[in-house]
Number of protein chains: 2
Amino acid sequence: MSPVGGPPISPIAALMAVVQTIRVILRCVRNKDIDNDRHVSLLSGPEARRKTLPSLGALGSKNSTGSPIGGPESSAPRAEGRGTWGGNDFSYRLQFPFVGTIGDVAKHAGVSTTTVSRHLAGQKIRSAAAVQASIEALDFRASHTARSLKSGVTRTIGLVVPDVSNPFFATVAKGVESVSRQLELNVFLSNTDENVERERNVLEGLIGRVDGVILVPAREGSNNTGELRRAGVPIVLLDRILTGADDLDSVLVDSRGGAEQAAKHLMSFGHERIGLISGPLDTTPGRERHDGFVEAMQSAGVDLEPALVQIGDFRLKSGYQATLRLLGLPTAVTAIFSANNLMTIGVLRALRHMAVRVPDEVSVVGFDDLELAELLSPPLSVISRPAVEQGVLAMRLLRNRMEDEGPDQAQHIVLDTFITARGSCANLEHPRRLHRKKDKGFAEASPPRTDSNE
Amino acid sequence: MSPVGGPPISPIAALMAVVQTIRVILRCVRNKDIDNDRHVSLLSGPEARRKTLPSLGALGSKNSTGSPIGGPESSAPRAEGRGTWGGNDFSYRLQFPFVGTIGDVAKHAGVSTTTVSRHLAGQKIRSAAAVQASIEALDFRASHTARSLKSGVTRTIGLVVPDVSNPFFATVAKGVESVSRQLELNVFLSNTDENVERERNVLEGLIGRVDGVILVPAREGSNNTGELRRAGVPIVLLDRILTGADDLDSVLVDSRGGAEQAAKHLMSFGHERIGLISGPLDTTPGRERHDGFVEAMQSAGVDLEPALVQIGDFRLKSGYQATLRLLGLPTAVTAIFSANNLMTIGVLRALRHMAVRVPDEVSVVGFDDLELAELLSPPLSVISRPAVEQGVLAMRLLRNRMEDEGPDQAQHIVLDTFITARGSCANLEHPRRLHRKKDKGFAEASPPRTDSNE
DNA sequence: TTGTAAGCGTTATCAG
DNA sequence: CTGATAACGCTTACAA
């Protein structure tokens with residue numbers, strides 16, 4: 001701050017200087033840098049926010065022309081004042097962070113804390129109007145933390161997914177979030193990166209912070225829910241289950257059926273040498289899509305030699321590399337089924353880089369739709385499923401557990417998948433060529449189609 | 001449960017019956033359905049979890065052959081036992097939710113709670129080994145809630161975005177989450193749906209629950225941060241700013257520069273009738289991309305008639321509709337610049353539905369890359385930017401505010417955008433046709449290219 | 001209907 | 001180095 005009597009500065013600059021000074025002081029107080037003034041007590045946390053206020057009044061009247069802050073009975077404390085600086089008049093008004101307590105409201109309204117608490121809980125009290133007025137005057141907000149401590153309830157749930165940046169999980173998150181907002185629950189979002197270790201840490205870190213968890217486990221065989229369950233936290237499994245945890249609610253899709261649909265769809269075009277790019281077999285969708293596909297092939301009497309089954313990790317790069325391996329086989333594949341969206345992108349990239357034409361040379365079906373699938377050339381055929389709904393249902397199940405409603409036995413919801421046949425599959429004997437379909441329709445969601453031609 | 005002496009049932013069935021019964025009892029206790037037994041006291045919340053345990057021991061020994069639970073000094077309580085049921089032997093073991101306190105540990109270790117607290121805080125105490133042993137024996141975890149109440153710190157931040165299912169925000173969320181995990185902070189995820197009202201509710205609901213907020217504001221002009229700031233919660237703006245809130249840290253990208261790049265890129269192909277599909281002008285990226293584009297056109301001396309500027313809302317459908325409007329103009333556009341990823345998808349869908357060839361008839365540049373952009377035919381040219389980094393930097397800035405580190409003035413970070421020219425732009429005079437490029441490269445990220453041919 | 005007082009599980013103070 | 005004690009802000013018997 002420039003000394004009084006120095007060069008003229010604008011009112012705004014002066015104001016900024018005052019604000020800045022007070023900020024620095026606040027910061028010093030928080031950092032316990034000051035300890036010689038009776039007005040400034042050594043406090044941390046919420047105390048620092050509240051109790052340093054009177055001293056700020058004192059500082060204000062010492063360092064500037066601000067009027068001191070009102071007594072303890074005043075409403076949300078503020079410092080305001082006017083002054084002259086470098087020949088210019090200016091005024092300022094500062095409102096300080098203030099977290100009032102139920103006790104402040106009680107004092108202000110002249111009742112007991114009990115009465116305020118009752119009012120807050122929606123009970124009828126005689127002095128409702130006065131209490132409400134005090135609450136508003138003080139801009140009072142009840143402390144969630146204190147309530148949690150007392151009630152043992154956090155009104156928070158955890159959503160633990162392998163990867164939010166996967167469009168499927170992002171969509172699920174949106175579904176979960178929308179329901180939890182209605183229920184006035186907050187959502188902790190955590191990524192496990194498909195990693196069992198990280199998952200364990202994440203889940204243990206949630207203990208005591210959440211009333212329930214929606215979990216997409218990294219691996220079927222690695223049950224990290226023990227600590228959480230011991231702590232009495234309800235859990236709903238989403239999209240993937242945990243071996244031996246049949247007592248947990250779950251919301252799955254019929255991955256096996258979806259994979260069968262994919263296999264049958266490809267076989268209906270005459271394909272027999274179909275490459276499968278599977279997810280990890282120790283995840284539910286990985287295993288089920290693998291099994292569903294393999295069984296559909298077998299029951300159709302088609303031989304599936306081991307080299308045709310490539311195991312990926314649900315990430316893009318693994319789909320890319322698996323495709324290269326499939327393309328390198330002595331006898332080329334004529335079709336590929338990829339078990340999730342990210343790997344499918346990898347498949348398409350690999351095919352593009354190797355200059356393999358789809359569907360002329362290789363037909364492709366992917367599990368999980370993509371926003372751009374329809375716009376690829378050819379449009380990508382996929383196994384679709386209701387992703388938002390999975391999130392919504394999981395949240396509903398969790399709510400029931402949290403409220404101890406609904407049946408006592410575990411609920412296992414399995415949603416249907418459906419095939420969205422676009423243009424990435426073609427007849428084996430008569431590979432088609434592409435053309436652009438003259439289609440002036442307005443429909444955003446195309447109905448299943450299998451056309452693709454030039 | 002079937003009466004003793006009834007038809008023989010399997011041990012498993014018997015066990016399940018016991019478990020089931022105890023569950024029901026627990027539930028009744030929680031719901032206060034029982035109040036006539038001295039063993040079962042009327043409690044709710046954490047008390048219900050803890051204090052009903054002795055009574056469960058009693059119930060266990062009454063209703064089954066289970067051995068009663070140990071006294072208050074025992075470790076995490078469990079009920080276990082064996083028995084005969086319908087002629088078959090069976091045994092069971094149940095572990096009940098148990099949340100021990102610092103006091104339980106103190107008692108177990110024969111020290112005071114203060115000592116345990118000190119041990120937990122990492123201070124040196126004489127009985128460290130014993131206390132640690134007790135902690136492990138009791139499977140003790142300190143209550144986050146109590147700590148928060150005492151310290152005034154929640155170790156939680158809020159991440160408020162318009163739409164998690166937008167790949168850009170999903171990616172940002174991943175960046176934020178990764179840093180916050182390192183910092184051992186939890187992340188509340190909230191969607192505002194680009195809606196000011198909802199945003200206000202979300203932000204107010206965060207007061208008292210978080211130590212800081214990363215916010216992507218819905219509208220530049222609607223500042224909903226007042227309450228939060230009054231409560232002393234630091235805020236970092238991400239990707240969008242708020243008018244008059246220059247004192248808040250922010251992490252933006254050079255949207256204006258990106259839009260200029262897009263305009264220049266399109267003009268370099270000879271385009272002059274370029275349609276702009278802008279975002280809302282009262283959002284930072286909407287406004288800056290609009291202005292950057294318009295200015296680039298003007299300074300190149302190209303006239304931009306009003307009908308060429310269509311305002312969307314960053315959602316897919318608005319891009320679709322805006323494109324239809326552009327196509328319906330008396331003089332057709334020869335190129336389109338779309339201001340965000342979702343609208344770009346809408347653009348492409350509309351062009352596809354109207355059978356307009358890209359880039360032969362219309363060239364396209366979108367703001368924000370898409371995972372599949374490279375695989376479209378033609379590959380989509382976009383303005384790219386470091387999305388994960390935006391999230392990471394925002395989280396770092398927020399951390400500094402929360403720790404009162406770093407400079408006192410607001411930090412405004414602006415990251416560069418860069419053009420990823422693929423194949424969706426072509427010369428105006430000599431529209432090219434497509435072909436598939438023979439490219440066996442392994443590169444996952446293609447370098448900027450402008451080729452597209454048949 | 002209202003208020004008093006005892007907790008919820010921690011941590012900070014202060015005296016041993 | 002340790003422990004009794006008093007908060008933190010709220011809810012809830014219990015008593016008036």
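Below, all heavy atoms of this structure are taken into account, side chains as well, without hydrogens, waters or symmetry copies. Proteins come first, then strands; the chains are lettered A, B, ... in the order of their sequence lines, and each starts at number 1. From a predicted model like this one, the values you see are computed outputs, not experimental measurements.
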Original post:
Within the structure shown, what part of the strands sits under 4.0 Å from B:Thr114 by heavy-atom distance: base, sugar-phosphate, or nothing?
Top reply: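 Base, at least one base atom sits under 4.0 Å.
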Original post:
Using a cut-off of 4.0 Å on non-hydrogen atoms, how would the nucleic acid contact of B:Ala142 be classed: base, sugar-phosphate, or nothing?
Top reply: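 Contact class for B:Ala142: sugar-phosphate only.
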Original post:
Between B:Asn186 and B:Thr156, is any side-chain donor less than 3.5 angstrom from a side-chain acceptor?
Top reply: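 There is no such pair between these side chains.
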Rounded to the nearest Å, what distance is computed from the [atom1] atom of residue [X] to the [atom2] atom of nucleotide [N]?
{"X": "A:His119", "N": "C:dG3", "atom1": "NE2", "atom2": "P", "answer": "14 Å"}
{"X": "A:Asp104", "N": "D:dG9", "atom1": "CG", "atom2": "C1'", "answer": "10 Å"}
{"X": "A:His144", "N": "C:dC8", "atom1": "NE2", "atom2": "C1'", "answer": "18 Å"}
{"X": "A:Leu120", "N": "D:dG9", "atom1": "CG", "atom2": "P", "answer": "15 Å"}
{"X": "B:Ile102", "N": "D:dG3", "atom1": "CD1", "atom2": "P", "answer": "12 Å"}
{"X": "A:Lys150", "N": "C:dA6", "atom1": "NZ", "atom2": "P", "answer": "13 Å"}
{"X": "A:Leu138", "N": "D:dG9", "atom1": "CG", "atom2": "P", "answer": "14 Å"}
{"X": "A:Ile207", "N": "C:dG9", "atom1": "CD1", "atom2": "P", "answer": "16 Å"}

OP1 or OP2 of [N] versus the side-chain N and O atoms of [X]: is any pair under 4.0 Å?
{"X": "A:Thr115", "N": "C:dG3", "value": "yes"}
{"X": "A:Ser117", "N": "D:dC10", "value": "no"}
{"X": "A:Ser112", "N": "C:dG3", "value": "yes"}

How long is the gap from [atom1] on [X] to [atom2] on [Y], to the nearest 0.5 Å?
{"X": "B:Asn201", "Y": "B:Thr192", "atom1": "CG", "atom2": "OG1", "value": "11.0 Å"}
{"X": "A:Ser148", "Y": "A:Arg209", "atom1": "OG", "atom2": "CZ", "value": "11.5 Å"}
{"X": "A:Thr225", "Y": "A:Leu206", "atom1": "OG1", "atom2": "CG", "value": "12.5 Å"}
{"X": "A:Glu403", "Y": "A:Asn400", "atom1": "CD", "atom2": "CG", "value": "8.0 Å"}
{"X": "B:Ser127", "Y": "B:Arg118", "atom1": "OG", "atom2": "CZ", "value": "11.0 Å"}
{"X": "A:Leu149", "Y": "B:Lys150", "atom1": "CG", "atom2": "NZ", "value": "12.0 Å"}

Original post:
What's the verdict on salt bridge (charged side-chain N to carboxylate O under 4.0 Å, His left out) for A:Glu204 and B:Arg141, showing C-alpha distance, side-chain angles and the deciding distance?
Top reply: CA-CA 10 Å; A:Glu204 291 197 11; B:Arg141 275 161 218 283; 3.8 Å; yes
Subject >> Flag, side chain of A:Arg155 to backbone of A:Leu183, donor-acceptor distance under 3.5 Å >> reply: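 Yes.
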Nucleotide nearest [X] when distance is taken to its side chain, options [options]:
{"X": "B:Thr101", "options": "C:dA5, C:dT10, D:dG9", "value": "C:dT10"}
{"X": "B:Lys124", "options": "D:dC10, C:dT10, D:dC1", "value": "D:dC1"}
{"X": "B:Leu149", "options": "C:dA5, D:dT2, D:dC8", "value": "D:dC8"}
{"X": "A:Arg147", "options": "D:dT11, D:dA4, C:dT10", "value": "D:dT11"}

Subject >> Upstream residue (5' side of DNA chain D) when B:Gln123 and A:Ala146 are each assigned their closest nucleotide >> reply: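 Its nearest nucleotide being more 5', the pick is B:Gln123.
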Tabulate protein N/O versus nucleotide N/O from nucleotides 14-16 of chain D, keeping only pairs under 3.5 Å, one per line.
none

Original post:
What is the minimum heavy-atom distance between B:Asn191 and A:Glu177, and which atoms define it?
Top reply: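 For B:Asn191 and A:Glu177, the tightest heavy-atom pair comes out as N-OE2, 2.9 Å.
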Subject >> Contacting residues from residues 126-134 of chain A, given that a heavy atom lies under 4.0 angstrom of DNA chain D >> reply: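 Per residue number, the list is empty: none.
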